[in-house]
Amino acid sequence: MKKTLIAVALASFTALAAAPVDTSLVLKPTAAQIAAAHAVGNKKCPVSGDEVGGSMGPGRTVLYKGEAVQLCCGSCVKKFARDPEKYLAMAEKSAVAGK
């Protein structure tokens with residue numbers, strides 16, 4: 001009985017350890033994915049603080065947990081990917097402050 005319980009516990013632990021990484025981050029979303037997401041509505045890039053669609057060009061959109069976040073340029077995409085929780089919170093705060 002103990003061996004069975006240990007085997008089940010070990011199998012459960014192994015399954016948790018092998019769980020996939022959060023794939024809700026989409027760095028190059030399609031137009032359909034962007035349309036299906038909820039737009040945060042930020043006008044400033046949460047990474048750089050620059051205006052979206054300003055001197056850096058039209059900007060970029062990334063998706064994180066179903067939220068479409070606007071970034072000022074392609075360079076900010078990699079930085080956003082390093083800490084999406086932080087930058088999503090900053091974008092949401094910026095959008096609320098801008099209203």
query: Is Met90 close to Lys44 at the side-chain level, that is, under 4.5 Å between some pair of heavy atoms?
result: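 No. Closest side-chain heavy atoms not under 4.5 Å.
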
message: So Glu92 and Asn42, do their side chains get closer than 4.5 Å, heavy atoms only?
response: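 Heavy-atom side-chain distance check fails, nothing below 4.5 Å.
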
Would you list the atom pairs, donor with acceptor, under 3.5 Å between side chains in residues 69-80 and any protein atom, with sequence neighbours excluded?
{"from": "Gln70", "atom 1": "OE1", "to": "Thr61", "atom 2": "OG1", "distance (Å)": "3.2"}
{"from": "Gln70", "atom 1": "NE2", "to": "Thr61", "atom 2": "OG1", "distance (Å)": "3.0"}

query: If you look at every heavy atom in Lys28 and Arg60, which pair is closest and at what distance?
result: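 Heavy-atom minimum between the residues: CG-NH2, 3.8 Å.
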
message: How long is the straight-line distance from CG of Leu63 back to CD of Gln33, given to the nearest 0.5 Å?
response: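 So the gap between those two atoms works out to 6.0 Å.
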
- prompt: With no hydrogens and no angle check, is any side-chain donor or acceptor of Glu67 less than 3.5 Å from a backbone partner on Tyr64?
  reply: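 No, the answer is negative, given that no donor and acceptor are paired below the 3.5 Å cut-off.
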
field: Shared hydrophobic cluster for Leu25 and Val40 (ILVMFWY, side-chain gaps under 4.5 Å)
entry: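 Linked, Leu25 and Val40 end up in one cluster.
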
